[in-house]
Novice: 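This is the structure I want to talk about, given as structure tokens.
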Amino acid sequence: MKELSRRELLVRGTGLGMGLVGVMLSVPAVGFLLSPLFTKQKVSWVTVGPIDGVPVNQPTPLFADVPVGTGYATPPVKRVVYVVKKADGEVRALSNICTHMQCDVHWDQTLDNFICPCHGGLYDIDGKNVGGPPPQPLAQWVHRLRTDPQGRTILDIENKLDESI
């Protein structure tokens with residue numbers, strides 16, 4: 001076995017030290033990149049409000065402060081919820097986010113469709129894509145209806161979307 005000179009020992013020791021520093025610096029970075037894969041989103045119900053005044057077959061935008069992310073200190077984000085009441089009593093709570101490029105869609109009374117101003121995507125009253133580049137229907141908020149003590153119908157949404165329209 002060859003004996004190490006003082007110079008070779010210092011070179012190898014410096015290389016080993018730099019390698020250890022590199023590993024120690026990369027562990028937090030790797031943890032930061034991989035943590036979203038293992039962190040569950042905090043799911044909660046949010047009250048949108050009473051929907052008794054929403055006309056039948058007339059999409060009406062309401063607003064909800066929806067929590068995002070997994071932290072408790074994360075402030076909620078104001079989201080548009082398009083409420084669509086059908087003649088048969090069915091209620092839809094549609095997202096206003098286009099499935100093509102995530103632009104905000106709005107209901108156009110003259111076209112009788114939701115329209116995306118970015119690329120001209122069209123969705124019918126049920127959220128199905130009927131024209132333009134959108135590849136999928138509008139997502140629907142997971143929602144429930146309940147009656148409050150005053151007898152009003154209240155819409156609650158969960159902070160997640162159901163994309164199976």
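Atoms considered below: every heavy atom in the structure, side chains included; atoms not considered: hydrogens, waters and symmetry mates.
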Novice: How many angstroms lie between CG in L62 and CD1 in I157, if you round to the nearest 0.5 Å?
Specialist: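 It is 10.0 Å, given to the nearest 0.5 Å.
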
Novice: Scan for disulfide bond (SG atoms under 2.5 Å apart) pairs involving residues 89-142, sequence neighbours excluded, and state none if there are none.
Specialist: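 Only C103-C118 qualify under disulfide bond (SG atoms under 2.5 Å apart).
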
Novice: Side-chain polar contacts of residues 12-32 - donor-acceptor pairs under 3.5 angstrom, sequence neighbours left out - could you list them?
Specialist:
from: T14; atom 1: OG1; to: L10; atom 2: O; distance (Å): 2.7
from: S26; atom 1: OG; to: G22; atom 2: O; distance (Å): 3.3
from: S26; atom 1: OG; to: V23; atom 2: O; distance (Å): 3.0

Novice: P61: what forms a side-chain contact (heavy atoms from CB on, under 4.5 Å) with it, not counting sequence neighbours?
Specialist: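 P61: side-chain contact (heavy atoms from CB on, under 4.5 Å) contacts with V80, Y82.
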
Novice: Using side-chain hydrogen bond (donor to acceptor under 3.5 Å, both in side chains) as the criterion, list what pairs up with E3, not counting sequence neighbours.
Specialist: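 Testing E3 for side-chain hydrogen bond (donor to acceptor under 3.5 Å, both in side chains), a comparison that skips the adjacent residues, returns none.
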
Novice: Do I125 and K86 make a side-chain contact, defined as non-hydrogen atoms from C-beta onward lying under 4.5 Å apart?
Specialist: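 Of all side-chain heavy-atom pairs linking K86 with I125, at least one is under 4.5 Å.
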
Novice: Under the salt bridge (charged side-chain N to carboxylate O under 4.0 Å, His left out) test, which residues partner D52, sequence neighbours left out?
Specialist: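 Checked D52 against salt bridge (charged side-chain N to carboxylate O under 4.0 Å, His left out); zero matches.
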
Novice: So does D104 get a backbone contact from the side chain of N96, meaning a donor-acceptor N/O pair under 3.5 Å?
Specialist: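 No, N96 side chain to D104 backbone: no donor-acceptor pair under 3.5 Å.
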
Novice: Identify the heavy atoms of V105 and I97 that sit nearest to each other, and give their distance.
Specialist: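 Nearest pair, atom of V105 first, then I97: CG2-N, 4.5 Å.
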
Novice: I'd like to check the side-chain hydrogen bond (donor to acceptor under 3.5 Å, both in side chains) partners of H100; sequence neighbours left out, ordered by chain and number.
Specialist: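 H100 satisfies side-chain hydrogen bond (donor to acceptor under 3.5 Å, both in side chains) with H119 only.
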
Novice: Which residues satisfy the side-chain hydrogen bond (donor to acceptor under 3.5 Å, both in side chains) test with T99, sequence neighbours excluded?
Specialist: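 Partners of T99 under the side-chain hydrogen bond (donor to acceptor under 3.5 Å, both in side chains) test: Y123.
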
Novice: Spell out, as yes or no, whether a donor-acceptor pair under 3.5 Å connects the side chain of N159 to the backbone of V66.
Specialist: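 Absent.
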
Novice: Not counting sequence neighbours, which residues clear salt bridge (charged side-chain N to carboxylate O under 4.0 Å, His left out) with D148? List them please.
Specialist: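 With neighbours one apart ignored, the set is R152.
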
Novice: Evaluate the side-chain proximity of K2 to E8: yes if any heavy-atom separation is below 4.5 Å, no if none is.
Specialist: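 A side-chain contact under 4.5 Å exists here.
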
Novice: Please say yes or no: joined through hydrophobic side-chain contacts below 4.5 Å, possibly via intermediate residues, are L138 and I115 part of one cluster?
Specialist: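 As far as the 4.5 Å side-chain criterion goes, I115 and L138 are not connected within one cluster.
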
Novice: Any idea which heavy atoms bring N129 and P137 closest together, and the distance?
Specialist: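 Result for this residue pair: OD1-N, 3.4 Å.
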
Novice: The criterion is side-chain contact (heavy atoms from CB on, under 4.5 Å); which residues satisfy it with D156, sequence neighbours excluded?
Specialist: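 Expected list: W45, T47, R144, R146, I154.
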
Novice: So, using side-chain hydrogen bond (donor to acceptor under 3.5 Å, both in side chains) as the criterion, who are the partners of D108 when residues are at least two apart?
Specialist: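 Expected list: T110.
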
Novice: How close do A87 and V56 get, heavy atom to heavy atom, and via which atoms?
Specialist: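 Heavy atoms of A87 and V56 come nearest at N-CG1, 3.6 Å.
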
Novice: If we ignore hydrogens and angles and just use 3.5 Å, is the side chain of D88 paired with the main-chain N or O of E90 as donor and acceptor?
Specialist: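 Yes, the answer is positive, given that a donor and an acceptor are paired below the 3.5 Å cut-off.
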
Novice: Do D126 and R92 have side-chain heavy atoms sitting under 4.5 Å apart?
Specialist: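 Yes, their side chains come closer than 4.5 Å.
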
Novice: On a heavy-atom basis, which atom in F114 and which in P59 lie closest, and how many Å separate them?
Specialist: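 Closest pair (atom of F114, atom of P59, distance): CZ-CB, 3.6 Å.
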
Novice: So if you build clusters from Ile, Leu, Val, Met, Phe, Trp, Tyr with side-chain heavy-atom gaps below 4.5 Å, do F63 and W107 land together?
Specialist: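 F63 clusters together with W107.
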
Novice: May I ask you to test the L9-R7 pair for a side-chain heavy-atom distance under 4.5 Å?
Specialist: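 No - every pair of side-chain heavy atoms lies 4.5 Å or more apart.
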
Novice: Once you round to the nearest 0.5 Å, how far does CG of D65 lie from NZ of K78?
Specialist: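 Rounded to the nearest 0.5 Å, the CG-NZ separation comes out at 4.0 Å.
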
Novice: In chain order, what residues pass the side-chain contact (heavy atoms from CB on, under 4.5 Å) check against L145, with sequence neighbours excluded?
Specialist: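 Applying side-chain contact (heavy atoms from CB on, under 4.5 Å) to L145 gives I51, V91, T153, L155.
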
Novice: How would you list, by chain and number, every residue that makes a side-chain contact (heavy atoms from CB on, under 4.5 Å) with V130, sequence neighbours excluded?
Specialist: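 side-chain contact (heavy atoms from CB on, under 4.5 Å) list for V130, sorted by chain: N113, L122, D124.
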
Novice: Would you compute the distance between atom OG of S44 and atom CD of E158 and round it to the nearest 0.5 angstrom?
Specialist: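 Going from OG on S44 over to CD on E158, the span is 8.0 Å.
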
